[in-house]
2 protein chains.
Amino acid sequence: MSGKIVNMRQKIDAMRADASEDLNHANCPVREVMQPIGGKWSTLLLSALAEKPYRFGELRRMVPDISQRMLTQTLRDLQRDGYIEREVFPTKPPSVEYRMTSFGHSLYEPLAKLLDWAARNHASVKEARARFDSSGV
Amino acid sequence: MSGKIVNMRQKIDAMRADASEDLNHANCPVREVMQPIGGKWSTLLLSALAEKPYRFGELRRMVPDISQRMLTQTLRDLQRDGYIEREVFPTKPPSVEYRMTSFGHSLYEPLAKLLDWAARNHASVKEARARFDSSGV
DNA sequence: CTGTATCCACAGCGATACTG
DNA sequence: CAGTATCGCTGTGGATACAG
């Protein structure tokens with residue numbers, strides 16, 4: 001349903017692979033869902049908004065090295081996928097608040113587990129990386 | 001043969017990390033761990049190897065639209081981070097087997113939960129996307 | 001304050017050809 | 001079979017300036 005098969009060759013390959021395993025691109029939502037949240041800033045913003053709603057400038061201060069352009073774009077992409085919603089307050093200098101939807105929270109539940117793992121095993125990954133780089137090569 | 005040029009990417013990465021070591025989010029686990037597995041092929045290969053070991057060509061057949069170059073590179077990156085290991089069998093046509101380490105399995109546990117969520121909510125995401133695209137823009 | 005609009009650099013990825 | 005080597009395109013993301 002999701003995957004776009006470009007040519008016949010790949011289609012045949014996909015069907016052949018389909019017979020043995022369901023790990024395929026054709027019916028695999030991994031790509032469509034994981035790719036957007038695999039962006040450089042998505043998870044950071046999601047974990048920020050999972051806590052509580054924030055305004056544009058607040059998010060910008062929380063992630064100091066994000067450009068204005070990427071903050072806008074990433075927020076829009078997250079909104080597009082239904083994870084967050086945007087509310088504009090017509091105050092004197094306008095302010096915009098972003099808040100995580102219940103759908104977003106349902107995504108964040110397993111995502112948080114993964115981020116937890118990352119936090120706990122960050123050191124091990126760095127060690128493995130160093131070991132690999134200094135050995136062999 | 002000198003191996004100086006082979007690991008250019010990794011060396012550059014190291015230098016870049018070094019240069020910004022004292023910046024706020026340079027050592028953030030989310031970035032260091034999530035970025036690599038956020039690549040286009042990483043999660044697909046991880047979920048394949050989580051099941052059982054596979055050879056290079058098998059993986060290639062399971063993910064028909066990956067290029068040979070990206071398969072090699074992604075596997076190497078996963079190996080570098082300690083998630084998978086590589087074993088060469090000196091058979092007549094040489095064969096190489098990739099297998100997930102216990103560390104990789106510990107990563108895959110929370111990751112699988114996230115992939116499960118993606119599979120279950122894939123449709124909702126696509127709907128949200130379509131809704132967003134047809135309104136406004 | 002919250003964006004848009006350009007321009008531009010570079011990393012990621014693909015296609016192809018070659019090797020042990 | 002399992003890679004390397006090269007080239008080139010494209011998308012992502014950064015810097016800057018402008019605007020509601």
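Worth knowing before you read on, the calculation uses all heavy atoms, side chains too, and leaves out hydrogens, waters and symmetry mates. Throughout, protein chains are lettered first and strands after them, A, B, ... in sequence-line order, and every chain is numbered starting at 1.
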What's the closest nucleotide to the [X] side chain, out of [options]?
| X | options | value |
| --- | --- | --- |
| S95(A) | dT2(C), dC1(D), dG14(D) | dT2(C) |
| M70(A) | dT4(D), dT4(C), dG13(D) | dG13(D) |
| W41(B) | dT2(C), dC13(C), dG3(D) | dC13(C) |
| R55(B) | dC1(C), dT6(D), dA2(D) | dA2(D) |

Under 4.0 Å between a side-chain N or O of [X] and OP1 or OP2 of [N]?
| X | N | result |
| --- | --- | --- |
| R76(B) | dT4(D) | yes |
| K40(A) | dA11(C) | no |
| Y98(B) | dG3(D) | yes |

Separation of [N] [atom2] from [X] [atom1] (nearest whole Å):
| X | N | atom1 | atom2 | value |
| --- | --- | --- | --- | --- |
| Q73(A) | dA5(C) | CD | P | 13 Å |
| L71(B) | dA5(D) | CG | P | 17 Å |
| R60(B) | dG3(D) | CZ | C1' | 10 Å |
| R61(B) | dC1(D) | CZ | C1' | 10 Å |
| F89(A) | dT2(C) | CZ | P | 11 Å |
| R69(B) | dG3(D) | CZ | C1' | 13 Å |
| Q68(A) | dT2(C) | CD | C1' | 7 Å |
| L75(A) | dG13(D) | CG | P | 13 Å |

Practice problem: Could you check if a side-chain atom of V96(A) sits within less than 4.5 angstrom of a side-chain atom of R55(A), using non-hydrogen atoms only? | Solution: no

Quiz item: Which residue, P94(A) or G39(A), contacts DNA chain D at a nucleotide closer to its 5' end, judged by nearest heavy atom?
Solution: G39(A)

Quiz prompt | T74(B) vs L44(B), side-chain contact (heavy atoms from CB on, under 4.5 Å): CA-CA, chis, key distance, verdict | solution = CA-CA 10 Å; T74(B) 306; L44(B) 286 172; over 6 Å; no

